[in-house]
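The block underneath contains the structure these notes are about, expressed in structure tokens.
Note that the coordinates shown come from a computational prediction; the quantities given were computed from them, not determined experimentally.
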Amino acid sequence: MNWMQMGETIHSPAPWDLPLWDPSHVVFFGVLYAVLIALGVGLSLVFRGAMKDMKKEEQGCNH
């Protein structure tokens with residue numbers, strides 16, 4: 001198994017491939033994954049709301 005040397009760049013977005021000795025990588029990928037999770041949660045809530053509204057309209061409860 002080849003371990004990364006200090007100063008090498010990474011070529012994978014996977015969290016287990018991060019060189020944790022470099023704080024800038026931890027900050028960058030921490031913010032990146034936090035934003036991706038926030039976008040995913042937001043989009044799922046919007047999709048859920050749209051499905052709920054669509055179901056209401058099918059039952060005859062128009063706005």
Exercise. Mind checking what makes side chain to side chain contact (heavy atoms under 4.5 Å, CB included) contact with Val46, not counting sequence neighbours?
Worked result: none
Exercise. When clusters are formed from ILVMFWY side-chain contacts under 4.5 Å, directly or step by step, what else is grouped with Leu43?
Worked result: none
Problem set entry | For Ser44, all residues meeting side-chain hydrogen bond (donor to acceptor under 3.5 Å, both in side chains), sequence neighbours excluded | none
Exercise. Residues sharing Leu45's hydrophobic cluster, by side-chain heavy-atom contacts under 4.5 Å among ILVMFWY, directly or via others?
Worked result: Ile37, Val41
Seminar exercise, completed: Residues at least two apart in sequence or cross-chain that pass side chain to side chain contact (heavy atoms under 4.5 Å, CB included) with Met51, listed by chain then number, are Phe47, Met54
